[in-house]
Amino acid sequence: MMGFSWKLFYLFGILFWGFSQRWRTVESNGGSFSCGYPAIYNFGDSNSDTGGISAVMFEILSPNGETFFEHPAGRACDGRLIIDFIAENLKLPYLSAYLDSVGTNFRHGANFATGGSSIRPPGYSPFNLWVQISQFIQFKARTTSLYNQLTLNRRNPLTISNLPRPAEFSQALYTIDIGQNDLAHGFQYTTVKQVLASIPDIIGQLPQVIHTLYNEGARFFWVHNTGPIGCLPVSVLYEMSKPWNLDKNGCVRLQNEVAMEFNRQLKDMISQLRAQLPFARFTYVDVYSAKYTLVSDAKNLGFVEAVNFCCGNCTKKGMANGTVYGNPCNHPSKHISWDGIHYSQAANMWVAERILNGSFSDPPLSIQSACHNQTTIL
């Protein structure tokens, strides 16, 4: 009987160790425990595209990338994006774009975001969110099969060093930052009233997306809401002759009101998903408020007025009426907007520092702690 008890004790110990390894936590320097995500899988648009659209449709040229990478790096920015700061915060490498065939490494995740993407078609890009999800499913199946094949055949000269580990798909962080182009496309081709009416259908796509990822093993979701699209210089410049359409910070009031309604419905949807998927962990990140705070206090924070951008038509160089286009400003770090649509590295860093510590999150946990206070993977 005593031997049987010790066997049970040993068996339970092994089971406990096995479950604990399925979600690992590591102690940070401050003594608290961080989640230790082994990988990031990102879905989105140009706000988090690290080279997808540049690889398959049109190359993102210099001066993009000049501030940090010192050469074009597939990003519509002078340097790093928020997703890059997320990777740095989690001590993971920058994400390779899934669509890029040169120099990629998927050991610690992959980036399915592409510039111009929207949640639903039509849009500016063929790579809408559902296409990105289909790409992820194929990526997971093919890399898992290849990894298993290579580990069985150790004489195979191919290496597994740049492949994700199959067991880590359920431990990874899944980041989603998309929706801005759904609104922008609507503003461009329909009315504000029609854009508002379209929001329930746009948001209605996301539960099925999340359930699909959940069925593929995803458990940890970090979801950004959409930013204040009415504060983008490209939006403001069209309304400069109608000052009554602008708010006290010079942003297009109606466009921001639509963005806030989009975010309200997105947050409600996340709440519903928490009830539907109790073993998943959702963090809703209020990027809108962080970015609007930056725009509102630009001068006090060391930036020029938010309507000013650093590089007009940055993907091309040329002259028109004696004006040289494609040349950046001398001090990109003083600008919130890099090119009228995308944020500068300095602005991305400012926003990232505030959202990653949980100040704008629901629940208010840092990204390194976002796996806690929830049932772990089952």
Side-chain angles (χ1 to χ4, degrees), residues 41-48 82-83 86 112-113 116-121 123 128-133 173-187 190 192-214 218-232 235 251-278 280-293 343 351-352 354-356 358-365 367 370 374:
Y41 293 98
N42 182 66
F43 306 88
D45 51 32
S46 58
N47 289 314
S48 60
I82 290 176
I83 189 66
I86 288 175
F112 298 87
S117 292
S118 52
I119 294 173
R120 64 170 194 173
N128 62 67
L129 184 56
W130 275 113
V131 172
Q132 294 178 28
I133 297 302
L173 181 66
Y174 290 78
T175 54
I176 300 174
D177 186 345
I178 196 167
Q180 178 176 307
N181 288 318
D182 293 87
L183 302 185
H185 192 271
F187 291 140
T190 67
V192 169
K193 185 176 180 180
Q194 288 173 306
V195 177
L196 274 171
S198 72
I199 291 176
D201 184 62
I202 296 170
I203 297 296
Q205 307 288 314
L206 292 174
Q208 191 175 350
V209 165
I210 298 296
H211 278 271
T212 300
L213 289 173
Y214 185 89
R219 292 296 182 270
F220 303 98
F221 299 92
W222 180 268
V223 184
H224 290 187
N225 68 12
T226 198
I229 188 172
C231 295
L232 299 178
S235 298
C251 301
V252 182
R253 182 182 295 104
L254 282 178
Q255 290 190 4
N256 279 352
E257 287 176 357
V258 172
M260 287 188 285
E261 176 58 23
F262 177 96
N263 293 337
R264 185 190 66 78
Q265 294 188 33
L266 174 63
K267 189 173 185 179
D268 287 346
M269 183 272 292
I270 294 295
S271 296
Q272 294 169 19
L273 285 169
R274 289 190 180 112
Q276 295 169 11
L277 301 171
R281 182 71 176 94
F282 294 95
T283 303
Y284 171 85
V285 186
D286 188 5
V287 172
Y288 180 101
S289 292
K291 288 183 173 179
Y292 194 79
T293 299
Y343 284 65
V351 173
R354 281 143 188 86
I355 65 172
L356 296 181
S359 297
F360 290 88
S361 296
D362 177 27
L365 297 172
I367 194 168
Q374 184 83 12

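Atoms considered below: every heavy atom in the structure, side chains included; atoms not considered: hydrogens, waters and symmetry mates.
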Nearest non-hydrogen partners of Asp45 and Gly116, listed with the distance:
CB-N, 4.5 Å
Is there side-chain contact between Pro207 and Leu273, with heavy atoms separated by less than 4.5 Å?
yes
After noting the C-alpha distance and the side-chain angles of Ser118 and Asn128, does the key distance pass the side chain to side chain donor-acceptor pair (under 3.5 Å) rule?
CA-CA 5 Å; Ser118 52; Asn128 62 67; over 6 Å; no
So Thr283 and Leu365, side chain to side chain contact (heavy atoms under 4.5 Å, CB included) or not? Walk me through it.
CA-CA 8 Å; Thr283 303; Leu365 297 172; 5.9 Å; no
According to the interplanar angle, ranging from 0 to 90°, do the rings of Phe221 and Phe282 count as parallel (below 30°), tilted (30 to 60°) or perpendicular (above 60°)?
parallel
Interatomic distance, Arg281 atom CZ to Trp222 atom CH2 [nearest 0.5 angstrom]
9.5 Å
Value rounded to 0.5 Å, distance of NE2 in His224 from CD1 in Ile176
10.0 Å
In the structure I gave you, are the side-chain heavy atoms of Leu213 and Tyr41 within less than 4.5 Å of one another anywhere?
no
Could you check Leu196, Val252, Asn263, Ile229 and say which one makes a side chain to side chain contact (heavy atoms under 4.5 Å, CB included) with Val258?
Leu196
Is it true that Gln265 and Glu261 share a donor-acceptor pair across their side chains at a distance under 3.5 Å?
yes
Nearest-0.5 Å distance that lies between atom CZ in Phe220 and atom CD1 in Ile367:
12.5 Å
Would you say that Ile270 contacts Ile210 through its side chain, given a criterion of any heavy-atom pair below 4.5 Å between the two side chains?
no
Can you tell if the side chain of Phe112 reaches within under 4.5 Å of the side chain of Asn42, non-hydrogen atoms only?
no
Could you tell me which non-hydrogen atom of Ala290 sits nearest to which non-hydrogen atom of Val351, and how far apart they are?
CB-CG1, 4.1 Å
Stepwise side chain to side chain contact (heavy atoms under 4.5 Å, CB included) check, Val285 with Asp362
CA-CA 6 Å; Val285 186; Asp362 177 27; over 6 Å; no
Would you check if Asn225 and Tyr284 make a side-chain contact, meaning some heavy-atom pair closer than 4.5 Å?
yes
List the steps, then state whether side chain to side chain donor-acceptor pair (under 3.5 Å) holds for Thr226 with Gln180.
CA-CA 6 Å; Thr226 198; Gln180 178 176 307; 4.7 Å; no
Heavy-atom closest pair (Gln205 atom, Trp130 atom, distance to 0.1 Å) is OE1-NE1, 3.3 Å
What distance do Thr190 atom OG1 and His185 atom NE2 have between them, rounded to the nearest 0.5 Å?
9.0 Å
Backbone N/O of Lys267 and side chain of Ser271: donor-acceptor pair under 3.5 Å:
yes
Can you tell me how far OG1 of Thr212 sits from CG of Leu129, rounded to the nearest 0.5 angstrom?
9.5 Å
What are the two closest heavy atoms between Val195 and Phe187, and how far apart are they?
CG2-N, 3.6 Å
When rounded to the nearest 0.5 angstrom, what is the spacing between OG in Ser46 and CG in Asp177?
9.0 Å
Closest non-hydrogen atoms of Gly227 and Lys291, given as atom of the first, atom of the second and distance, are CA-CD, 4.4 Å
Correct closest heavy-atom pair for Ser235 and Gln255 would be OG-OE1, 3.1 Å
List the steps, then state whether side chain to side chain contact (heavy atoms under 4.5 Å, CB included) holds for Leu232 with Tyr343.
CA-CA 9 Å; Leu232 299 178; Tyr343 284 65; 3.9 Å; yes
Are Phe43 and Ile119 packed together at the side-chain level, in the sense that at least one heavy-atom pair is separated by less than 4.5 angstrom?
no
Using a 4.5 Å cut-off on heavy atoms from C-beta on, say whether the side chain of Leu356 contacts that of Ile86.
yes
Between Asp286 (side chain) and Ser289 (backbone), is there a donor-acceptor pair under 3.5 Å?
yes
